[in-house]
2 protein chains.
Amino acid sequence: MTDGPASTEIVERLRSVGLRPTRQRIALARLLSGADRHVAAESLHSEAQAAGIAVSLATVYNALHQFVDSGLLREVVVDPGKSYFDTNTSQHHHFYFEASGRLEDIPAGDLTLARVPPAPHGAQVVRVDVVIRLAETDDIIMQ
Amino acid sequence: MTDGPASTEIVERLRSVGLRPTRQRIALARLLSGADRHVAAESLHSEAQAAGIAVSLATVYNALHQFVDSGLLREVVVDPGKSYFDTNTSQHHHFYFEASGRLEDIPAGDLTLARVPPAPHGAQVVRVDVVIRLAETDDIIMQ
DNA sequence: ATACTTGCAAATCGTTTGCAATACC
DNA sequence: GGTATTGCAAACGATTTGCAAGTAT
């Protein structure tokens, strides 16, 4: 339970990717700066509200996308109709608990791909995403 | 360019999974019965319209989900905000052309996973999805 | 001073729902 | 005839947009 990086560090990080360190972006970046996290726009907005930070939902969406575009965050696609943003931008994969909608990182070293097919001609690999979809065992029992 | 399976075969297939062979379901199942395909609800609806088949969009959604629930189709998640349905229900993976939204199958044998981490305690693996995201080389050149 | 950001509310997208009319067994 | 299915139009959740007001450099 630390306070995370000081504002100055966050301001620096924002500046370094070309984003003006506005009050809203600083606050959101700080909320996202602790441990590895997977957040949805709505939940980050709620969290900000709860922390007494005035930010509109539209601004949260703007900021999240700008963070993704500048490499501060990564988007994870596991559910049609809902976007998740991952604070861990290094190469890794995910466990996805379908029942709860929770995501958990799989460190790069824990999952290895052998025999990856070459990209079709004219195309280039942007990223390889592996999602291991999970059901809670209890759910299974009930069919 | 064949006509695909006869109606009787399709009717049988629908019956075998417990779905009443209605005019709409038969028509949709037939549209989906050729080669391996990846369709979105909207596009299947347009296709049906173009083929002179009267089906409402709501019914297309209903049918697609029923087909998924009964194992006739598989859902592929590659884009937040849009669902794709895959007529290939066997174990395989996907190339995803981000620019065009096109999907292409990767046969199971072409991609192998080594070192798959065990499911977290209390959870069970439902499926492992690998998506290789691609950019057209031309896009890259333009930055 | 200027360009970039924000917040609001309205608009949009894909999808789902309630329910009366209709089709299948 | 009785139940499952359909179509419509309205409702929906998540996300995006236009634009006037506010803020960073």
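Keep in mind it's a predicted model, so treat the numbers as computed, not measured. Chain letters run A, B, ... following the sequence lines, proteins first and then strands; every chain starts at 1.
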Would you say H38(A) and D105(A) are linked by a side-chain donor-acceptor pair, where the criterion is simply a distance under 3.5 Å?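 Per modelled atom types, D105(A) and H38(A) side chains form a pair under 3.5 Å.
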
Is any side-chain nitrogen or oxygen of R15(B) closer than 4.0 Å to OP1 or OP2 of dC25(C)?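 Yes, because at least one side-chain N or O of R15(B) sits under 4.0 Å from OP1 or OP2 of dC25(C).
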
Provide, to the nearest angstrom, the distance between the CD atom belonging to E42(A) and the P atom belonging to dT15(D).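 Taking atom P of dT15(D) as the reference, CD of E42(A) is at 7 Å.
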
If you pin T22(B) and A41(B) to their nearest nucleotides in DNA chain C, which one's is more 5'?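 Going by which nucleotide is closer to the 5' end, it is A41(B).
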
Verdict with supporting geometry, T8(B) and E12(B), side-chain contact (heavy atoms from CB on, under 4.5 Å): CA-CA 6 Å; T8(B) 56; E12(B) 271 325 298; 5.8 Å; no

So if I take every side-chain heavy atom of [X] and compare against [options], which nucleotide ends up nearest?
X      : options                  : value
R20(A) : dG7(C), dT23(D), dC24(C) : dT23(D)
Q24(B) : dT5(D), dT15(D), dT6(D)  : dT6(D)
R25(A) : dC24(C), dT5(C), dA24(D) : dT5(C)

Does anything in residues 58-73 of chain A reach DNA chain D, meaning a heavy atom under 4.0 Å, and if so which residues?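 Within this stretch, A58(A), Y61(A), H65(A) sit under 4.0 Å of the strand.
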
Could you list by number each residue of residues 77-86 of chain A showing a heavy-atom separation from DNA chain D of less than 4.0 Å, or answer none if no residue does?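 Hits under 4.0 Å, by residue number: G81(A), K82(A), S83(A).
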
Aromatic plane relationship, H94(B) with H92(B) - under 30° parallel, 30 to 60° tilted, over 60° perpendicular: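 Answer is perpendicular, since the angle exceeds 60°.
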
Side-chain touch V77(B)/R133(A), heavy atoms, less than 4.5 angstrom: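 Side-chain contact under 4.5 Å: yes.
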
